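Notes follow once the structure below has been shown.
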Protein chains: 4
Amino acid sequence: MEKQFEGFRANLEESSRLRERIRVVAAEMESVTRIMHSNLLLVHQSLPISEVLEKAAGQIEKLKGLYGRLAEILHECPGQYYRYHGDWRSETQTAVSLVAFLHWLETGNLLAHEGAEKKLGLGDSEFGLDIEDYLIGICFMSNELPRYVVNQVTAGDYDSPRKVLKFLTDLHAAFRMLNLRNDFLRKKFDGMKYDLRRVEEVFYDVKIRGLSPVDAAQEQTQQT
Amino acid sequence: MEKQFEGFRANLEESSRLRERIRVVAAEMESVTRIMHSNLLLVHQSLPISEVLEKAAGQIEKLKGLYGRLAEILHECPGQYYRYHGDWRSETQTAVSLVAFLHWLETGNLLAHEGAEKKLGLGDSEFGLDIEDYLIGICFMSNELPRYVVNQVTAGDYDSPRKVLKFLTDLHAAFRMLNLRNDFLRKKFDGMKYDLRRVEEVFYDVKIRGLSPVDAAQEQTQQT
Amino acid sequence: MEKQFEGFRANLEESSRLRERIRVVAAEMESVTRIMHSNLLLVHQSLPISEVLEKAAGQIEKLKGLYGRLAEILHECPGQYYRYHGDWRSETQTAVSLVAFLHWLETGNLLAHEGAEKKLGLGDSEFGLDIEDYLIGICFMSNELPRYVVNQVTAGDYDSPRKVLKFLTDLHAAFRMLNLRNDFLRKKFDGMKYDLRRVEEVFYDVKIRGLSPVDAAQEQTQQT
Amino acid sequence: MEKQFEGFRANLEESSRLRERIRVVAAEMESVTRIMHSNLLLVHQSLPISEVLEKAAGQIEKLKGLYGRLAEILHECPGQYYRYHGDWRSETQTAVSLVAFLHWLETGNLLAHEGAEKKLGLGDSEFGLDIEDYLIGICFMSNELPRYVVNQVTAGDYDSPRKVLKFLTDLHAAFRMLNLRNDFLRKKFDGMKYDLRRVEEVFYDVKIRGLSPVDAAQEQTQQT
């Protein structure tokens with residue numbers, strides 16, 4: 001009996017050491033995403049997007065490095081990705097939300113799953129980006145949009161509500177196609193409708209006060 | 001965006017179907033272990049052990065078959081054992097506790113990890129018995145012993161407390177070598193000391209009343 | 001054994017007496033901060049700030065006196081500041097939030113840690129203002145700002161949302177630099193973003209209705 | 001504002017690093033006390049006390065070394081002992097319970113507060129053994145005694161209940177002199193009466209069956 005438990009002890013301690021190493025990397029990830037989030041928040045203060053993007057880009061490189069370290073650690077225990085997955089998944093969801101928000105600011109489009117993998121240096125067949133983590137990250141990104149739109153309008157960009165509403169409506173419709181289980185992702189998706197509603201309200205405010213560029217243009221045309 | 005989400009839909013639905021199939025097997029496992037537990041409980045009513053073992057043996061075969069089906073399902077998604085592991089692990093812990101109790105009744109020894117794998121048809125490199133599940137199952141088995149010892153004494157077997165106490169003391173000492181994290185296994189192990197204490201109390205009762213076979217033998221010698 | 005426990009009894013009773021004395025001072029602090037809070041709330045009813053400040057200033061003197069008494073008590077047990085710290089820290093956090101709000105009303109700036117110490121008569125090397133208590137107090141102050149801004153707009157001060165938003169955005173960004181543990185301070189800081197969002201919404205309302213002084217000025221220029 | 005928060009960041013990070021270093025030492029303490037406890041548990045299996053003591057003695061030296069490391073860490077932040085005290089106090093309570101149990105096995109007497117400090121290498125004016133931690137450790141030790149007495153009687157030592165009962169009665173009476181606040185120590189002390197009651201029951205069992213050596217001696221005398 002003693003010899004067998006000696007083996008268990010070695011096994012459990014190895015697993016503990018592994019978790020400890022993952023914990024260290026996950027803590028660094030948390031710290032990098034926090035800085036990246038700070039940088040991205042400047043967009044609400046109407047800083048030029050190019051400047052915001054530049055600041056954040058450096059952090060993405062750091063994240064990539066950290067995922068590389070994580071991949072190395074997990075490479076030592078093949079087939080156990082999902083055993084330890086819970087120890088860094090919330091950091092991954094935050095990272096996805098940030099790179100997706102950045103991408104949307106740059107292009108106006110949704111960062112695809114493959115694109116997110118590429119940006120974070122994932123996508124290796126052994127160490128990819130879990131689809132549910134990707135989708136949860138996208139839900140988190142959606143939570144930033146109402147605030148963004150409010151601040152853009154305040155800064156005088158009256159066309160942003162229309163653009164954001166279009167994007168968010170499409171995103172919400174795409175999510176609705178999914179048959180979600182009654183879990184965390186489902187709850188996060190359920191929250192997305194409040195973002196949609198808030199953006200609709202802002203769009204309504206802008207329209208009803210004749211501030212929408214389209215309306216303004218029409219009005220001018222009519223007056224001529 | 002739509003095409004990508006079409007892919008997610010397919011992916012999530014496949015994962016749901018897999019979970020559903022696992023759920024069906026896990027439910028059957030739960031049912032088989034429940035019957036097996038009922039059979040084993042007869043040992044508390046002092047049925048001949050051979051009869052109890054025979055009844056339970058048939059259920060082990062069924063369990064083996066169910067693990068075979070589980071292995072087939074998981075064979076379809078290599079490297080994802082730990083992704084779905086939570087969906088049948090409590091059934092596995094119960095199964096281990098039962099086959100280990102059976103083995104102890106038969107032999108008086110601890111069923112080793114490898115032995116448990118063999119009995120349940122596990123042990124394939126891809127689909128083995130997780131060590132923590134094995135250890136939790138052993139803790140569950142320990143919970144049966146105080147009741148067993150009380151009923152054995154009631155039925156007139158005054159030597160069982162000594163034997164069970166020896167076994168449980170060794171088992172407890174072996175577990176104490178492990179550096180357990182502050183989790184479910186730790187909590188279950190912490191409960192084992194109450195089993196140990198209870199068996200000690202029964203042994204104490206038997207000794208103090210001079211019912212222990214060793215004492216009785218000594219007394220007889222002295223009287224001679 | 002008895003003699004030793006006699007010593008423990010004396011020791012525990014002395015510690016109890018100390019706690020009781022601290023409790024009395026802390027209760028007075030709680031009472032003073034409650035009155036001070038009442039006074040400060042008048043600012044939401046648009047009373048002249050000078051009047052509000054005057055009323056509150058008297059309470060600050062009382063607080064200073066109470067901290068003096070606390071310092072005397074703790075002077076009797078050097079090196080045990082943190083042993084009893086929990087017994088008055090929530091009162092200190094409230095006190096910081098009030099003097100910081102007052103200072104902000106007066107100057108539009110954040111009351112620095114050193115300034116808070118000076119106002120409360122702390123800052124002695126032995127009996128200073130714990131940094132976490134200061135930061136929590138600042139978070140509490142931030143919770144007052146959304147209500148303040150709403151009432152100011154109601155009273156016709158359309159420029160206050162801009163000023164408050166500038167202050168709160170800077171404060172939030174400064175806090176984001178900190179690597180907070182997962183504790184009470186972190187939770188309080190997490191709440192600050194709702195204050196920020198609420199102030200943004202008020203600023204948005206004022207802008208979209210053309211009530212912002214800057215817009216009004218521009219409009220006037222255009223009309224000329 | 002930024003410069004001030006830069007200072008806070010440095011301050012909080014230093015405090016985090018300190019806590020992390022303490023955490024590492026506390027984890028080693030936990031591991032050493034676990035092994036020491038395993039060694040001491042052998043006393044319940046009636047191993048010769050000298051052997052049990054020898055095994056445990058080596059662990060005490062390790063504990064001493066760890067307290068030395070802790071003292072060094074805390075030496076860097078004078079006056080903040082009680083700020084971080086919560087991070088290792090439960091390990092200290094366990095350590096006290098073990099050295100006190102060991103001392104009792106050796107001498108039959110209570111290990112005094114000063115003696116516990118000496119054994120653990122504490123007692124420095126700056127880094128001593130908190131009295132409440134000592135007392136809680138003594139309560140934990142008392143929890144071992146009922147089990148010890150049961151196993152001693154089982155092993156044929158019929159005089160141990162009398163000795164343990166005398167010790168525990170005196171200890172309980174000494175604790176009763178203390179005016180305990182309604183906290184953790186009070187709760188632990190309240191549990192001591194169950195230990196006392198159990199030992200009384202064992203003593204009763206031994207007496208009523210005429211197994212107590214005193215009675216046996218008397219009986220013999222009477223028979224002669």
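Throughout, protein chains are lettered first and strands after them, A, B, ... in sequence-line order, and every chain is numbered starting at 1. Only a predicted model underlies this, so the values are computations on that prediction, with no experimental measurement involved.
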| field | A:Glu144 side chain to A:His37 side chain, donor-acceptor N/O pair below 3.5 angstrom | value | yes
| Reference residue B:Trp104; test side-chain contact (heavy atoms from CB on, under 4.5 Å); the match among B:Leu171, B:Leu145, B:Leu110 | B:Leu145
| query | With only heavy atoms counted, which part of B:Asn109 is less than 4.5 Å from chain A, the side chain, the backbone, both or neither? | reply | neither
| note | From the list A:Glu13, A:Glu114, A:Glu2, A:Arg19, the residue making the most non-hydrogen contacts under 4.5 Å with chain B is A:Arg19
| message | Quick check on B:Tyr84 against chain A: is it the side chain, the backbone, both or neither that has a heavy atom closer than 4.5 Å? | response | neither
| Measuring heavy-atom distances to chain A, does B:Asn11 have an atom under 4.5 Å in its side chain, in its backbone, in both, or in neither? | side chain
| query | Relative to the ring of B:His85, is the ring of B:Tyr81 parallel (under 30°), tilted (30 to 60°) or perpendicular (over 60°)? | reply | parallel
| query | Is there a donor in the side chain of A:Tyr82 and an acceptor in the side chain of A:Asp130, or the other way round, less than 3.5 Å apart? | reply | yes
| query | Which bit of B:Gln80 is near chain A, if near means a heavy-atom gap under 4.5 Å: side chain, backbone, both or neither? | reply | both
| remark: Taken to the nearest 0.5 Å, the spacing of B:Leu111 CG from B:Glu117 CD works out to 10.5 Å
| query | Where on B:Arg83 is there a heavy atom nearer than 4.5 Å to chain A: the side chain, the backbone, both, or neither? | reply | both
| Which atoms of B:Ile131 come close to chain A, meaning under 4.5 Å heavy atom to heavy atom: side chain ones, backbone ones, both, or neither? | side chain
| Mutual orientation of the aromatic rings belonging to B:Tyr67 and B:Phe127 [parallel < 30°, tilted 30-60°, perpendicular > 60°] | tilted
| request: Rounded to the nearest 0.5 Å, what's the gap from CZ on B:Phe167 to CZ on B:Arg162? Could you check? | output: 14.5 Å
| Checking heavy atoms, do the side chain of B:Glu132, its backbone, both or neither come under 4.5 Å from chain A? | side chain
| What part of B:His113 lies closer than 4.5 angstrom to a heavy atom of chain A: side chain, backbone, both or neither? | both
